[in-house]
Amino acid sequence: MPLSPGDSPGFLLWHATLRWQRDIATALAPLDLTHVQFVLLACTWWLNTQGEHPNQLALARQAGTDVKMASQVLRTLEHKGLIRREVDPADTRAKRLRVTDAGADLAPRAIAAVERADARFFQPVPLDDAVALLSRLAHPET
């Protein structure tokens, strides 16, 4: 017998995800970033602060995005002046990524905006519980 929508974990997850995505989009709109632009900018910025200058493939893996889609979004971020894509001297087919000064200024502000939205969204659930559940769902093999 099928579950009613209110008893279906997948259906509830779908609605929770939609609500969370709307909240994140609202938080990023004043910064002129889409959610995927934010993820790629934030990941590039974080890796750069760790001394890494990833290529597009490594960044897509870090972010969990499709490589071709990431390439298109990175072009947009480059046009916005937030990142630079530079030819990798070791492999001229690859592009190394660096945030610009504007990107380095925007990334932490965008991260703070997303963290505030996350805090509001997850407020009804203890943080440790939310992280534990989402970690298990995101990485069931561990």
Side-chain angles (χ1 to χ4, degrees), residues 2-3 5-142:
L3 296 175
D7 295 328
S8 169
F11 191 71
L12 291 169
L13 179 61
W14 170 250
H15 279 274
T17 300
L18 291 174
R19 190 179 131 237
W20 175 74
Q21 288 174 337
R22 281 191 303 270
D23 291 354
I24 297 300
T26 299
L28 292 171
L31 301 173
D32 190 32
L33 290 173
T34 66
H35 196 168
V36 71
Q37 288 171 0
F38 160 74
V39 169
L40 294 177
L41 175 64
C43 285
T44 303
W45 174 80
W46 185 82
L47 289 167
N48 285 180
T49 65
Q50 304 301 303
E52 298 180 39
H53 297 97
N55 62 30
Q56 294 175 170
L57 177 60
L59 180 68
R61 284 186 181 143
Q62 170 79 19
T65 61
D66 175 76
V67 176
K68 289 181 182 178
M69 184 270 301
S71 180
Q72 293 171 344
V73 173
L74 288 166
R75 262 187 247 116
T76 300
L77 292 172
E78 186 176 38
H79 289 328
K80 288 183 172 191
L82 300 173
I83 64 153
R84 284 192 311 271
R85 296 184 310 155
E86 304 167 342
V87 174
D88 183 346
D91 180 358
T92 57
R93 296 168 296 162
K95 303 273 184 164
R96 293 282 173 191
L97 303 167
R98 295 179 191 268
V99 292
T100 63
D101 289 344
D105 176 63
L106 181 58
R109 293 188 295 124
I111 291 167
V114 166
E115 286 179 349
R116 285 190 299 275
D118 278 352
R120 284 189 303 273
F121 182 85
F122 290 105
Q123 186 275 326
V125 179
L127 181 61
D128 290 344
D129 291 350
V131 170
L133 173 63
L134 294 170
S135 292
R136 285 189 63 199
L137 293 174
H139 308 287
E141 64 282 352
T142 58

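The shown structure was predicted, so the numbers you read here are calculated from the model rather than taken from an experiment.
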Indicate yes or no: at least one non-hydrogen side-chain atom of [X] is less than 4.5 angstrom from one of [Y].
| X | Y | value |
| --- | --- | --- |
| H53 | E86 | no |
| D118 | I24 | yes |
| W45 | I111 | yes |
| L74 | K95 | no |
| L40 | I83 | no |
| R120 | D23 | no |
| R85 | S71 | yes |

Exercise. Determine the sole option in R22, Q21, H15 for which the side chain to side chain contact (heavy atoms under 4.5 Å, CB included) test with R19 is passed.
Key: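 By the side chain to side chain contact (heavy atoms under 4.5 Å, CB included) criterion, R19 pairs with just one of R22, Q21, H15: R22.
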Quiz item: Taking L77 as the fixed residue, which of L82, V99, L97 is the one that meets the side chain to side chain contact (heavy atoms under 4.5 Å, CB included) rule?
Solution: L82
I need the minimum non-hydrogen distance between [X] and [Y], along with the two atoms involved.
| X | Y | value |
| --- | --- | --- |
| F121 | A16 | CZ-O, 3.4 Å |
| K68 | D66 | N-OD2, 3.1 Å |
| N55 | R96 | N-NH1, 3.6 Å |

Quiz item: In terms of heavy-atom contacts, does CZ of R109 have more than 12 from other residues, nucleotides or ligands at under 6.0 Å?
Solution: yes
Quiz item: Could you give the distance from OG1 (T65) to CD (Q56), rounded to the nearest 0.5 Å?
Solution: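 Reported to 0.5 Å precision, the distance equals 10.0 Å.
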Practice problem: Please round to the nearest 0.5 Å and tell me the distance separating atom CD of Q62 and atom CG of L57. | Solution: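 Output value for this atom pair is 12.0 Å.
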Return yes if some donor-acceptor pair links the side-chain N/O of [X] with the main-chain N/O of [Y] below 3.5 Å, else return no.
| X | Y | value |
| --- | --- | --- |
| N48 | E52 | yes |
| T100 | G81 | yes |
| S135 | A132 | no |

